[in-house]
Amino acid sequence: MLARLWLPEADVSVLERNPRGANYGWGVVFPESLLREVGRNCPGTASDIANAATRWDDQHVCVRGSRPVHLGRYGYSIGRTTLQEILASRCQRLGVTIRYGEEAGSAADLADADLVVAADGANSRLRTARADRFGTRIEQGRNPFIWLGTSREFDAFTFGFEPTTAGWIWFHAYRYAPRASTFIVECSPETWKGLGFDQMDAEARTRKLEAIFAEHLQGHLLLDQMGALGRVGWAPFRVITNETWVDGNLVLIGDAAHTAHFSIGSGTLLAVGDALALVDRLRGGGPLAAALRDYEVNRRPAVEKFQSVAANSSLWFENVCQALTQPAVEFGYALLHRREGPKEVSANRGWWYGVHLARQIGIIPEARRQLLATRRKLRSPWSW
Ligand SMILES: Cc1cc2nc3c(=O)[nH]c(=O)nc-3n(C[C@H](O)[C@H](O)[C@H](O)COP(=O)(O)OP(=O)(O)OC[C@H]3O[C@@H](n4cnc5c(N)ncnc54)[C@H](O)[C@@H]3O)c2cc1C
């Protein structure tokens, strides 16, 4: 899309192996900075995303069905299919050809292109075919997770932890559209096996998870896309890094280049940031090889910072059973600060305890509502 906007002489084609509207995964969260970044480059697209997104205004942590601990903060969420459709429609209006149902096999198949951008996700075929040249490393996390959906609307970004006979199991959930929330379940491999998930078909595992999280789901069902397709839903997260993102005229962006654990909800922001950074270098003109090198050199530090924070967060969840011995509010603070790695967070405790109490008695939601109403009047080309 941006290539069409900024390189008007370029002939841009997108190959998408799925049919239009088909997508894996449910909703994703993103911060306001994504709207700002996109808005600086294409205000109409930022406006479309903002109008289709849902805003959440608090984070809740519920341990063993307890009253929620309020962590504050806000963010946005949007269905993956909706986001893809917004980008696809904008592309087509700008004259980009999208070839749905067409698989990109290898860069050799695309030999007539001046530049091939591999945005084909974590399992990128384009990258895999040249894994040696990219120096691809794939490290597997410890905990299995499964990406589900539900019709229960979680207004706050909610983390729920439940004890079972085989250990703790938890979910991360948030609303992304009316009657639609993402619901990601995670546990240790020991709990996973102890609960018999290794022996269960999709139907049985969904019913079991509904029973474990019944109090949170309030009668709503869990929806399992992968199960419906007859695929294995559980998997450990795979952290992907590459020594280089460029090989000749093939350049990696998004999950093809790098992944960051889902518990920091930043993969989409990174993928969009990569695309912006790449086009920014290309629009400067000059030799292609130099532009691609500049893209990588300038973009890598920001990406690596996210990957490091994501590693802290993923490790924290892998060791969460120790943290669960604390009282609920202390546990909530620890979860909030998980990205910072194993360091003392007590300095912030007074402040966050205040946030928790103010939210519990309803002061902050009202103050925030008024602040947002004022801000909406004052600024922004988009409205939310
Ligand atoms: C459980 C979970 C939860 C997550 N939650 C969040 C979140 O809340 N917020 C967030 O920002 N990120 C989240 N992420 C990460 C986010 O989904 C990814 O980082 C992001 O989608 C990466 O975008 P991408 O375009 O690089 O890859 P993808 O979104 O994977 O898109 C790749 C596209 O390429 C197509 N494709 C693949 N191979 C080929 C081929 N050979 N030929 C043609 N087309 C092909 C695919 O069909 C797909 O449309 C989550 C990830 C997981 C696993």
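All of these numbers come straight from a predicted model, not from anything done at the bench. Only heavy atoms go into these numbers, but all of them, side chains included; no hydrogens, no water, no symmetry mates. When a ligand or atom number is given, it counts from 1 through the structure's own listing order.
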_According to ring pair (Phe, Tyr, Trp, His ring centres under 6.0 Å), does anything in residues 271-296 pair up with another residue at least two apart or in another chain? List the pairs._
Trp245-Tyr295

*Look up atom CZ in Arg338 and atom CD1 in Ile264, then write down how far apart they are to the nearest 0.5 Å.*
8.5 Å

*Partner set under side chain to side chain donor-acceptor pair (under 3.5 Å) for Arg339, not counting sequence neighbours*: none

*For the residue pair Trp192 and Trp234, does the interplanar ring angle fall in the parallel (under 30°), tilted (30 to 60°) or perpendicular (over 60°) class?*
perpendicular

*If you measure from CZ on Arg130 to CG on Leu252, what distance do you get to the nearest 0.5 Å?*
9.5 Å

_Under 4.0 Å from ligand 1, counting heavy atoms only: the protein residues, by chain and number_ = Leu15, Glu16, Arg17, Asn18, Val28, Val29, Arg80, Gln84, Glu102, Glu103, Ala104, Ala119, Asp120, Gly121, Arg125, Phe145, Trp147, Tyr174, Ile184, Gly254, Asp255, Phe262, Gly265, Ser266, Gly267, Thr268, Leu269, Ala271

*Name all residues meeting the ring pair (Phe, Tyr, Trp, His ring centres under 6.0 Å) criterion together with Tyr100; count only those two or more places apart in sequence or in a different chain, and write none if there are none.*
none

